[in-house]
Student: 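One structure is given below, represented as C-alpha coordinates, and several questions about it will come after.
Because the structure is predicted, anything quoted here is derived from the model rather than measured.
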Amino acid sequence: MNINELYFNPNEKPLDNICRDGGFTSIFRTIACVGDSLSSGEFETLDEATGVRHYYDMFEYSWGQFIGRMAGSKVYNFSRGGMTASEYCDTFADAMDYWNPDKKAQAYIIALGVNDLIGARQPLGEMSDINPEDPTQNAKTFTGYYARIIQTYQKMVPGAKFFLVTMPHQVMYESNPEMSEVGDAHAARLHELAAYFKDTYVVDLREYAPVHDEEFTKRFYLHGHLNALGYRLTAEQIASYIDYIIRHNTDDFTYVPFVTSETPMLC
(Lines give C-alpha, C1' and ligand atoms only; values in the text may rest on other atoms or scores of the structure.)
Protein backbone atom coordinates (compact mmCIF):
# COMPACT_ATOMS: atom_id res chain seq x y z
CA MET A 1 0.00 0.00 0.00
CA ASN A 2 1.31 3.42 -0.95
CA ILE A 3 0.09 5.59 1.92
CA ASN A 4 0.89 8.81 0.06
CA GLU A 5 -1.28 7.87 -2.90
CA LEU A 6 -4.06 6.60 -0.65
CA TYR A 7 -4.25 9.46 1.85
CA PHE A 8 -2.08 12.37 0.77
CA ASN A 9 -2.34 12.63 -3.03
CA PRO A 10 -1.68 16.32 -3.79
CA ASN A 11 -3.90 16.11 -6.89
CA GLU A 12 -6.94 14.95 -4.90
CA LYS A 13 -9.95 17.25 -4.84
CA PRO A 14 -12.02 17.58 -1.63
CA LEU A 15 -14.90 15.30 -2.65
CA ASP A 16 -13.00 12.83 -4.82
CA ASN A 17 -13.25 10.28 -2.01
CA ILE A 18 -16.52 9.91 -0.15
CA CYS A 19 -16.11 8.30 3.29
CA ARG A 20 -19.31 6.88 4.72
CA ASP A 21 -17.87 6.19 8.17
CA GLY A 22 -16.82 9.79 8.87
CA GLY A 23 -13.17 9.16 8.05
CA PHE A 24 -10.78 11.34 10.04
CA THR A 25 -13.69 13.55 11.06
CA SER A 26 -14.06 10.98 13.84
CA ILE A 27 -10.99 12.40 15.62
CA PHE A 28 -13.42 15.03 16.94
CA ARG A 29 -15.29 13.47 19.82
CA THR A 30 -17.52 16.54 20.18
CA ILE A 31 -18.84 18.64 17.31
CA ALA A 32 -21.23 21.60 17.37
CA CYS A 33 -23.27 22.52 14.30
CA VAL A 34 -24.25 26.19 14.18
CA GLY A 35 -26.83 26.74 11.49
CA ASP A 36 -30.33 27.16 10.13
CA SER A 37 -33.02 24.80 8.85
CA LEU A 38 -30.69 22.62 6.80
CA SER A 39 -28.52 22.14 9.90
CA SER A 40 -31.65 21.17 11.84
CA GLY A 41 -32.99 18.42 9.59
CA GLU A 42 -35.99 20.54 8.70
CA PHE A 43 -38.75 18.90 6.65
CA GLU A 44 -41.24 20.94 4.69
CA THR A 45 -44.77 19.73 3.97
CA LEU A 46 -47.45 21.26 1.78
CA ASP A 47 -51.20 21.09 2.37
CA GLU A 48 -52.34 20.92 -1.24
CA ALA A 49 -55.90 21.87 -0.31
CA THR A 50 -54.94 25.16 1.33
CA GLY A 51 -51.45 25.81 -0.05
CA VAL A 52 -50.16 26.19 3.50
CA ARG A 53 -46.62 24.97 4.16
CA HIS A 54 -45.48 23.53 7.47
CA TYR A 55 -41.91 23.23 8.73
CA TYR A 56 -40.54 20.73 11.23
CA ASP A 57 -37.03 20.67 12.70
CA MET A 58 -36.22 16.97 13.15
CA PHE A 59 -32.71 17.00 14.54
CA GLU A 60 -32.19 13.26 14.30
CA TYR A 61 -32.31 13.69 10.49
CA SER A 62 -29.92 16.65 10.39
CA TRP A 63 -26.65 16.19 8.56
CA GLY A 64 -24.90 16.84 11.89
CA GLN A 65 -26.56 13.87 13.58
CA PHE A 66 -25.87 11.69 10.55
CA ILE A 67 -22.19 12.67 10.93
CA GLY A 68 -22.40 11.83 14.62
CA ARG A 69 -23.72 8.35 13.88
CA MET A 70 -21.19 7.84 11.08
CA ALA A 71 -18.19 8.96 13.10
CA GLY A 72 -19.31 7.91 16.58
CA SER A 73 -18.97 11.52 17.77
CA LYS A 74 -21.24 13.53 20.05
CA VAL A 75 -22.88 16.25 17.96
CA TYR A 76 -24.74 19.31 19.24
CA ASN A 77 -27.40 21.00 17.10
CA PHE A 78 -26.89 24.70 17.81
CA SER A 79 -29.43 25.49 15.12
CA ARG A 80 -33.03 26.23 14.22
CA GLY A 81 -35.03 26.79 11.07
CA GLY A 82 -34.77 30.40 9.88
CA MET A 83 -31.64 31.14 11.90
CA THR A 84 -29.34 34.03 11.02
CA ALA A 85 -25.96 34.98 12.44
CA SER A 86 -27.47 38.16 13.88
CA GLU A 87 -30.28 36.33 15.71
CA TYR A 88 -27.80 33.75 16.95
CA CYS A 89 -25.65 36.46 18.52
CA ASP A 90 -28.37 38.82 19.71
CA THR A 91 -30.80 36.38 21.34
CA PHE A 92 -30.77 32.74 20.32
CA ALA A 93 -27.44 31.50 21.70
CA ASP A 94 -28.10 33.13 25.07
CA ALA A 95 -31.68 31.87 25.25
CA MET A 96 -30.62 28.31 24.42
CA ASP A 97 -27.48 28.43 26.61
CA TYR A 98 -25.22 27.71 23.62
CA TRP A 99 -22.41 29.88 24.97
CA ASN A 100 -22.24 27.58 28.02
CA PRO A 101 -18.69 26.17 28.48
CA ASP A 102 -20.28 22.89 29.55
CA LYS A 103 -21.31 22.48 25.90
CA LYS A 104 -17.94 23.32 24.38
CA ALA A 105 -16.81 21.23 21.41
CA GLN A 106 -13.59 20.30 19.70
CA ALA A 107 -14.97 21.32 16.31
CA TYR A 108 -17.58 23.83 15.16
CA ILE A 109 -19.26 23.52 11.78
CA ILE A 110 -20.95 26.82 10.86
CA ALA A 111 -23.55 26.82 8.08
CA LEU A 112 -25.26 30.22 8.03
CA GLY A 113 -25.93 32.74 5.31
CA VAL A 114 -29.03 31.85 3.28
CA ASN A 115 -31.51 33.49 5.65
CA ASP A 116 -29.13 36.37 6.32
CA LEU A 117 -28.20 37.36 2.80
CA ILE A 118 -31.01 35.96 0.65
CA GLY A 119 -33.93 36.02 3.09
CA ALA A 120 -33.31 39.14 5.19
CA ARG A 121 -31.08 40.86 2.59
CA GLN A 122 -28.67 41.81 5.36
CA PRO A 123 -25.57 43.64 4.10
CA LEU A 124 -22.54 41.38 3.68
CA GLY A 125 -20.27 44.00 5.23
CA GLU A 126 -16.49 44.18 5.17
CA MET A 127 -13.63 42.44 6.96
CA SER A 128 -13.04 45.75 8.72
CA ASP A 129 -16.36 45.15 10.53
CA ILE A 130 -14.48 42.81 12.87
CA ASN A 131 -13.27 44.19 16.20
CA PRO A 132 -10.46 41.81 17.21
CA GLU A 133 -10.51 42.98 20.83
CA ASP A 134 -14.25 42.97 21.52
CA PRO A 135 -16.54 40.98 19.21
CA THR A 136 -19.62 42.58 20.77
CA GLN A 137 -18.46 45.76 19.03
CA ASN A 138 -18.38 44.17 15.57
CA ALA A 139 -20.45 46.01 12.99
CA LYS A 140 -24.05 44.83 12.59
CA THR A 141 -23.46 43.16 9.25
CA PHE A 142 -23.37 39.54 8.22
CA THR A 143 -19.58 39.59 8.41
CA GLY A 144 -19.62 41.21 11.85
CA TYR A 145 -22.10 38.77 13.33
CA TYR A 146 -20.60 35.69 11.70
CA ALA A 147 -17.13 36.63 12.91
CA ARG A 148 -18.54 37.20 16.41
CA ILE A 149 -19.66 33.57 16.55
CA ILE A 150 -16.16 32.40 15.70
CA GLN A 151 -14.50 34.84 18.09
CA THR A 152 -16.76 33.89 21.00
CA TYR A 153 -16.21 30.16 20.61
CA GLN A 154 -12.47 30.57 19.99
CA LYS A 155 -12.15 32.43 23.28
CA MET A 156 -14.23 29.77 25.04
CA VAL A 157 -12.44 26.78 23.48
CA PRO A 158 -8.81 27.53 22.59
CA GLY A 159 -7.59 25.16 19.91
CA ALA A 160 -11.04 24.23 18.63
CA LYS A 161 -11.32 23.85 14.85
CA PHE A 162 -13.85 25.76 12.76
CA PHE A 163 -15.32 24.65 9.45
CA LEU A 164 -17.28 27.26 7.48
CA VAL A 165 -19.77 25.87 4.96
CA THR A 166 -20.52 27.65 1.68
CA MET A 167 -23.87 27.44 -0.14
CA PRO A 168 -24.00 24.85 -2.92
CA HIS A 169 -25.26 26.05 -6.28
CA GLN A 170 -29.06 25.81 -6.15
CA VAL A 171 -31.15 26.30 -9.26
CA MET A 172 -34.14 27.42 -7.18
CA TYR A 173 -32.17 30.50 -6.13
CA GLU A 174 -29.78 31.00 -8.99
CA SER A 175 -32.31 31.38 -11.76
CA ASN A 176 -31.99 34.95 -10.45
CA PRO A 177 -28.46 36.19 -11.31
CA GLU A 178 -28.49 38.46 -8.25
CA MET A 179 -28.91 35.44 -5.98
CA SER A 180 -26.02 33.68 -7.69
CA GLU A 181 -23.85 36.71 -7.01
CA VAL A 182 -24.87 36.63 -3.34
CA GLY A 183 -23.79 33.00 -3.07
CA ASP A 184 -20.46 33.78 -4.70
CA ALA A 185 -19.86 36.75 -2.41
CA HIS A 186 -20.76 34.65 0.64
CA ALA A 187 -18.24 31.97 -0.37
CA ALA A 188 -15.53 34.54 -1.00
CA ARG A 189 -16.12 36.11 2.43
CA LEU A 190 -15.90 32.73 4.19
CA HIS A 191 -12.52 32.16 2.57
CA GLU A 192 -11.41 35.57 3.86
CA LEU A 193 -12.63 34.71 7.35
CA ALA A 194 -10.77 31.39 7.25
CA ALA A 195 -7.59 33.23 6.34
CA TYR A 196 -8.20 35.80 9.10
CA PHE A 197 -8.88 33.40 11.96
CA LYS A 198 -6.58 30.64 13.14
CA ASP A 199 -7.80 27.04 13.15
CA THR A 200 -10.45 27.89 10.56
CA TYR A 201 -11.17 26.15 7.24
CA VAL A 202 -13.75 26.32 4.46
CA VAL A 203 -15.99 23.42 3.44
CA ASP A 204 -16.58 24.76 -0.04
CA LEU A 205 -19.70 22.99 -1.25
CA ARG A 206 -20.20 25.78 -3.76
CA GLU A 207 -17.00 24.82 -5.53
CA TYR A 208 -17.01 21.04 -5.18
CA ALA A 209 -20.48 19.69 -4.34
CA PRO A 210 -23.02 18.67 -7.03
CA VAL A 211 -25.25 21.42 -8.35
CA HIS A 212 -28.73 21.26 -6.85
CA ASP A 213 -30.38 21.17 -10.25
CA GLU A 214 -33.75 19.74 -11.31
CA GLU A 215 -32.56 16.12 -11.23
CA PHE A 216 -30.87 16.56 -7.85
CA THR A 217 -33.96 18.27 -6.45
CA LYS A 218 -36.22 15.46 -7.63
CA ARG A 219 -34.12 12.92 -5.74
CA PHE A 220 -33.02 14.76 -2.64
CA TYR A 221 -35.60 17.48 -1.86
CA LEU A 222 -39.00 17.60 -0.18
CA HIS A 223 -40.48 20.87 -1.47
CA GLY A 224 -38.07 23.69 -0.51
CA HIS A 225 -35.88 21.68 1.88
CA LEU A 226 -33.94 18.44 1.73
CA ASN A 227 -35.51 15.04 2.25
CA ALA A 228 -33.99 12.32 4.43
CA LEU A 229 -31.70 11.15 1.61
CA GLY A 230 -30.57 14.72 1.03
CA TYR A 231 -29.55 15.21 4.64
CA ARG A 232 -27.62 11.93 4.62
CA LEU A 233 -25.91 12.93 1.36
CA THR A 234 -24.97 16.32 2.82
CA ALA A 235 -23.52 14.58 5.88
CA GLU A 236 -21.34 12.41 3.64
CA GLN A 237 -20.14 15.45 1.73
CA ILE A 238 -19.31 17.53 4.81
CA ALA A 239 -17.64 14.66 6.66
CA SER A 240 -15.64 13.71 3.56
CA TYR A 241 -14.57 17.32 3.05
CA ILE A 242 -13.42 17.62 6.68
CA ASP A 243 -11.61 14.28 6.32
CA TYR A 244 -9.85 15.73 3.25
CA ILE A 245 -8.87 18.90 5.15
CA ILE A 246 -7.42 16.88 8.01
CA ARG A 247 -5.47 14.54 5.73
CA HIS A 248 -3.95 17.46 3.82
CA ASN A 249 -3.12 19.48 6.95
CA THR A 250 -2.12 16.78 9.42
CA ASP A 251 0.13 19.04 11.50
CA ASP A 252 -2.86 21.25 12.33
CA PHE A 253 -4.74 18.40 13.99
CA THR A 254 -2.06 16.72 16.11
CA TYR A 255 -3.34 18.09 19.41
CA VAL A 256 -7.09 17.70 18.91
CA PRO A 257 -7.38 15.29 21.89
CA PHE A 258 -6.30 18.11 24.23
CA VAL A 259 -9.05 20.48 23.05
CA THR A 260 -11.73 20.58 25.78
CA SER A 261 -9.61 18.11 27.81
CA GLU A 262 -8.54 18.70 31.40
CA THR A 263 -5.23 16.99 30.55
CA PRO A 264 -2.50 19.64 30.21
CA MET A 265 -0.67 19.76 26.87
CA LEU A 266 2.99 19.59 27.92
CA CYS A 267 4.57 19.51 24.46
Student: So which heavy atom on Asp116 is nearest to which on Ala85, and how close?
Tutor: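 Smallest heavy-atom distance, with atoms named: OD2-N, 2.6 Å.
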Student: Is the OH atom of Tyr61 crowded by more than 12 outside heavy atoms at less than 6.0 Å?
Tutor: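 It does not: Tyr61 OH has 12 such atoms or fewer within range.
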Student: Answer yes or no: is there a donor N or O on one side and an acceptor on the other, between the side chain of Asn115 and the main chain of Met83, under 3.5 Å?
Tutor: yes
Student: Please report the closest heavy-atom contact between Ala194 and Leu164, naming both atoms and the distance.
Tutor: N-CD1, 4.2 Å
Student: Given the rule in the side chain to side chain donor-acceptor pair (under 3.5 Å) test, do Thr143 and Arg189 qualify, once you have shown the distances and angles that lead to the verdict?
Tutor: CA-CA 8 Å; Thr143 298; Arg189 180 52 43 85; 2.7 Å; yes
Student: Taking atom types as modelled, is there a side-chain donor on Gln151 or Asp134 under 3.5 Å from an acceptor on the other?
Tutor: no
Student: So, the side chain of Asn249 versus the backbone of Ile245: is there a donor-acceptor pair under 3.5 Å, distance only?
Tutor: yes
Student: Between Lys13 and Glu207 (salt bridge meaning N to carboxylate O under 4.0 Å), is one present in this structure?
Tutor: no
Student: Determine whether Asp97 and Asn100 satisfy the following criterion, side chain to side chain donor-acceptor pair (under 3.5 Å), listing intermediate values before the conclusion.
Tutor: CA-CA 5 Å; Asp97 202 28; Asn100 188 334; 2.7 Å; yes
Student: Tyr108 pairs by ring pair (Phe, Tyr, Trp, His ring centres under 6.0 Å) with which of Phe162, Phe163, Phe28?
Tutor: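 Single pass found, and it is Phe162.
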Student: Return each pair, listed once, that meets salt bridge (charged side-chain N to carboxylate O under 4.0 Å, His left out) where at least one residue sits in residues 217-232; pairs must be two or more places apart or across chains.
Tutor: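 The answer is Glu215-Arg219, Arg232-Glu236.
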Student: Can we call the ring centroids of Trp99 and Tyr88 under 6.0 Å apart?
Tutor: yes
Student: When you measure from the side chain of Asp57 to the backbone of Gly81, do you find a donor-acceptor pair of N or O atoms at a distance under 3.5 Å?
Tutor: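 It does hold such a pair.
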Student: Quick one: do His212 and Phe220 satisfy side chain to side chain contact (heavy atoms under 4.5 Å, CB included)? Show the steps, please.
Tutor: CA-CA 9 Å; His212 291 203; Phe220 297 110; over 6 Å; no
Student: Are His248 and Tyr244 close enough that their ring centers fall under 6.0 Å?
Tutor: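 So the answer is yes for these two rings.
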Student: Could you measure the distance from the NZ atom of Lys104 to the OH atom of Tyr76? Nearest 0.5 Å is fine.
Tutor: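 It is 10.5 Å, given to the nearest 0.5 Å.
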Student: Cluster question for you: counting only ILVMFWY and a side-chain heavy-atom cut-off of under 4.5 Å, with indirect links fine, are Leu38 and Leu46 together?
Tutor: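 In one cluster with Leu38: Leu46, no.
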Student: Measure across Ala239 and Met70 and return the closest heavy-atom pair with its distance rounded to 0.1 Å.
Tutor: CB-CE, 4.0 Å
Student: Could you check Asp129 against Tyr145 for side chain to side chain donor-acceptor pair (under 3.5 Å), going step by step and ending with a plain yes or no?
Tutor: CA-CA 9 Å; Asp129 293 343; Tyr145 281 115; over 6 Å; no
Student: Would you sort out whether Glu44 and His223 count as a side chain to side chain donor-acceptor pair (under 3.5 Å), showing the intermediate values?
Tutor: CA-CA 6 Å; Glu44 179 180 336; His223 303 297; 5.3 Å; no
Student: Is there a path of hydrophobic side-chain contacts, each under 4.5 Å between heavy atoms of I/L/V/M/F/W/Y residues, joining Tyr56 to Val52?
Tutor: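 Cluster IDs for Val52 and Tyr56 differ.
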Student: Could you tell me whether Lys161 sits above the aromatic face of Phe253, with NZ or CZ closer than 6.0 angstrom to the six-membered ring centre and within 45 degrees of the axis?
Tutor: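 Positive - Lys161 is close enough to the ring of Phe253 and near enough to its axis.
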Student: Under 3.5 Å, side chain of Thr166 to main-chain N/O of Arg206, donor-acceptor pair present?
Tutor: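 The answer is yes, because a donor-acceptor pair under 3.5 Å joins these two groups.
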Student: Let me confirm one number: the CG-CD1 distance from Asn77 to Ile31, rounded to the nearest 0.5 Å.
Tutor: 11.5 Å
Student: Given Ser79, which partner from the list Ser37, Ser39, Cys33 fulfils the side chain to side chain contact (heavy atoms under 4.5 Å, CB included) test?
Tutor: Ser39
Student: Of all heavy-atom pairs between Phe216 and Val211, which one has the smallest distance, and what is that distance?
Tutor: CB-O, 3.6 Å
Student: Is a side-chain N or O of Asp243 found less than 3.5 angstrom from the main chain of Gly22, in a donor-acceptor match?
Tutor: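 The answer is no, because no donor-acceptor pair under 3.5 Å joins these two groups.
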Student: Looking at Ile238, is its backbone amide N or carbonyl O close enough to the side chain of Ser240 to form a donor-acceptor pair, meaning the two atoms are under 3.5 Å apart?
Tutor: no
Student: Closer than 3.5 angstrom, by distance alone: can the side chain of Glu60 be matched with the main-chain N or O of Gln65 as a donor-acceptor pair?
Tutor: no
Student: How long is the gap from CG on Leu117 to OH on Tyr146, to the nearest 0.5 Å?
Tutor: 10.5 Å
Student: Treating Gln122 as the side-chain partner and Ser86 as the backbone partner, does any N or O pair qualify as donor plus acceptor under 3.5 Å?
Tutor: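 No; zero donor-acceptor contacts below 3.5 Å.
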Student: One thing to verify: whether Glu87 and Arg80 come together as a salt bridge, which I'm taking to mean a side-chain N less than 4.0 angstrom from a carboxylate O.
Tutor: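 Salt bridge flag = yes for Glu87 with Arg80.
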Student: Can any side-chain N or O of Gln237 pair as donor or acceptor with the backbone N or O of Tyr208 at less than 3.5 Å?
Tutor: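 Not a single qualifying donor-acceptor pair exists.
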Student: Would you check, one step at a time, whether the test side chain to side chain contact (heavy atoms under 4.5 Å, CB included) holds for Val157 with Val259?
Tutor: CA-CA 7 Å; Val157 195; Val259 178; 3.7 Å; yes
Student: Applying the ring pair (Phe, Tyr, Trp, His ring centres under 6.0 Å) test to Phe43, which of Tyr55, Tyr231, Phe59 qualifies?
Tutor: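 Checked Tyr55, Tyr231, Phe59 against Phe43; only one passes ring pair (Phe, Tyr, Trp, His ring centres under 6.0 Å): Tyr231.
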Student: Check Ala111 against Val165 and note the closest heavy-atom contact, atom names and distance.
Tutor: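 Residues Ala111 and Val165, closest heavy atoms: CB-CB, 4.0 Å.
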Student: So which atom in Ala147 and which in Leu193 form the shortest heavy-atom distance, rounded to 0.1 Å?
Tutor: CB-CD2, 4.2 Å
Student: Under 3.5 Å, side chain of Ser180 to main-chain N/O of Pro177, donor-acceptor pair present?
Tutor: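 Here the side-chain-to-backbone pair does not exist.
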Student: Take Glu42 and Leu226 through the test side chain to side chain contact (heavy atoms under 4.5 Å, CB included) and record every step on the way to the result.
Tutor: CA-CA 8 Å; Glu42 183 164 293; Leu226 296 172; over 6 Å; no
Student: Determine, step by step, whether Met167 and Ile118 satisfy the side chain to side chain contact (heavy atoms under 4.5 Å, CB included) criterion, reporting the C-alpha distance in whole Å, the side-chain angles of both residues, the deciding distance to 0.1 Å, and the verdict.
Tutor: CA-CA 11 Å; Met167 308 175 197; Ile118 295 177; 4.2 Å; yes
